[in-house]
Amino acid sequence: VPVASHSHSTHHLKSNRLIQYNTLRMVVMFIGAALVAVLARTSMMLAPKIPVYEFAVLYPPLLWFGDTWGELKTTLYAQLSLQNPNVIQSDVHAAMFDLYFPTWDGDFVHFGHVEDTYQRQPNYTTPKEGFWKIKPRELFQMKDKVVLRIGLGKLFKILSHLVYQLFRGGGMLHVVSTGATHITTPKNMKHTLTFVCDTDLNAITNKMVGSDCVINKLSAGRWVNLTTVAENMQAYAATLHPNENGTVLINGRAQRKQKPA
């Protein structure tokens, strides 16, 4: 009888330890899953996102010849509106944007360049004070003046396709844009940000809406030469391939040209 009692006690002890082990494992798994969920939510909140923006031209633009041969330029007076989804404030100190449209063969042509009027001043350097102060989780609106430069030779390459798509879309046009900006976040942390956008252009209302944007690169803690960065984005855009509707983004990724076999 003592032997049987000892065997029963040992089996009961093993069963208790197994229950404790399984319970502990379930608790650890639950804590791990909860921690992963919290980290994922935190990273989604803290990861920078490009706001959806609207750029509405207030007055009919007047074109005139630019500083170089074969270039037109105009000053656009516009209302800028964007909803900042980020949880921290970003101050924009400098910004450049480039516009692209595909040929009939699907090759993107860089035909336009946009920058703030202050950046056209001689010996321009990025100012210490940001000219756009974009507060977190708020609608940002302001009137601004920008310079648009259009290359005539490049425009002629896409003109027939552009006009066709404009009539086909009833005055709506999909234009791809890239951007390069110098920004600061709290405590004056400097960053250089580049991004790609699918932009909807309404030729009737003179509005441009960045319907979908993704970050291409974030150089944290420093300001990289903005002209060089913008030129690098132009080279990057040449490797992209349009979707059937003229956009370039699918599920947050820019579509690249397929390499020849």
Leu80 and Asp144, any side-chain heavy atoms less than 4.5 Å apart: no
Pairs flagged by disulfide bond (SG atoms under 2.5 Å apart) wherever residues 218-249 is involved - sequence neighbours left out: none
Single-linkage hydrophobic cluster, 4.5 Å side-chain cutoff, Leu201 and Phe55 together: yes
Under 3.5 Å: donor-acceptor pair, side chain of Gln255, backbone of Arg253: yes
Residues, nucleotides or ligands: over 12 heavy atoms within 6.0 Å of Lys133 NZ: yes
ring-ring contact (aromatic ring centres under 6.0 Å, His included) partners of His161, counting only residues at least two apart: Phe101, Trp104
Pairwise distance CG(Leu166) to CG(Leu159) - rounded to 0.5 angstrom: 10.5 Å
CZ-CE distance between Arg222 and Met189, expressed to the nearest 0.5 angstrom: 12.0 Å
Value rounded to 0.5 Å, distance of CG in Leu99 from CG in Leu155: 11.0 Å
Pairwise distance CD1(Ile150) to NE2(His113) - rounded to 0.5 angstrom: 12.5 Å
Listed partners of Glu231 passing side-chain hydrogen bond (donor to acceptor under 3.5 Å, both in side chains), at least two apart: none
Close side-chain approach of Ile134 and Phe140, heavy atoms under 4.5 Å: yes
Lys207: salt bridge (charged side-chain N to carboxylate O under 4.0 Å, His left out) partners, not counting sequence neighbours: Glu54
Parallel, tilted or perpendicular: rings of Tyr100 and His110 (30°, 60°): tilted
OG1 on Thr185 to CD1 on Ile88, rounded to 0.5 Å: 5.0 Å
Minimal non-hydrogen separation, Leu226 against Ala94, with atom names: CD2-CB, 3.7 Å
Residue pair Pro85 / Gln83: nearest heavy atoms and the distance that separates them: CD-O, 3.2 Å
Single-linkage hydrophobic cluster, 4.5 Å side-chain cutoff, Phe97 and Leu58 together: no
Per-pair distances, 0.1 Å, donor-acceptor, side chain in residues 167-177, under 3.5 Å, sequence neighbours excluded:
residue: His174; atom: ND1; partner: Asp200; partner atom: OD1; Å: 2.8
residue: Ser177; atom: OG; partner: Thr199; partner atom: OG1; Å: 3.1

Gap separating the CG atom of Leu76 from the OH atom of Tyr59, nearest 0.5 angstrom: 13.0 Å
All side-chain hydrogen bond (donor to acceptor under 3.5 Å, both in side chains) counterparts of Asn216, not counting sequence neighbours: Thr194
Any residue meeting salt bridge (charged side-chain N to carboxylate O under 4.0 Å, His left out) with Asp98, in chain and number order, not counting sequence neighbours: none
Beyond-backbone contact of Met233 with Val196, side-chain heavy atoms, under 4.5 angstrom: yes
Trp223 side chain to Ile183 backbone, donor-acceptor under 3.5 Å: yes
Short side-chain to backbone donor-acceptor contact, Asp198 and Val248, under 3.5 Å: yes
Verify same cluster id: Leu193, Val214 (apolar side-chain graph, 4.5 Å): no
Pairs where residues 143-178 contributes a residue and the test disulfide bond (SG atoms under 2.5 Å apart) is met, not counting sequence neighbours: none
Ala230 to Met96 - nearest heavy-atom pair and separation: CB-SD, 4.1 Å
Side chain His182, main chain Val224, donor-acceptor under 3.5 Å: yes
Partner set under side chain to side chain contact (heavy atoms under 4.5 Å, CB included) for Ala254, not counting sequence neighbours: Tyr236, Leu240, Leu249
Connected via hydrophobic side-chain network under 4.5 Å: Met142 and Leu139: no
Non-neighbouring partners of Thr192 that pass side-chain hydrogen bond (donor to acceptor under 3.5 Å, both in side chains), sequence neighbours left out: none
Side chain to side chain donor-acceptor pair (under 3.5 Å) evaluation trace for Thr247 with Asn243: CA-CA 5 Å; Thr247 61; Asn243 302 315; 3.0 Å; yes
For Ala95 against Thr181, the heavy-atom pair lying closest together: CB-CG2, 3.8 Å
Residue pairs passing the disulfide bond (SG atoms under 2.5 Å apart) test where at least one lies in residues 199-235, sequence neighbours excluded: Cys197-Cys213
Contacts of type side-chain hydrogen bond (donor to acceptor under 3.5 Å, both in side chains), residue Thr239, not counting sequence neighbours: Arg256
Close side-chain approach of Gln79 and Gln141, heavy atoms under 4.5 Å: yes
Beyond-backbone contact of Met208 with Val114, side-chain heavy atoms, under 4.5 angstrom: no
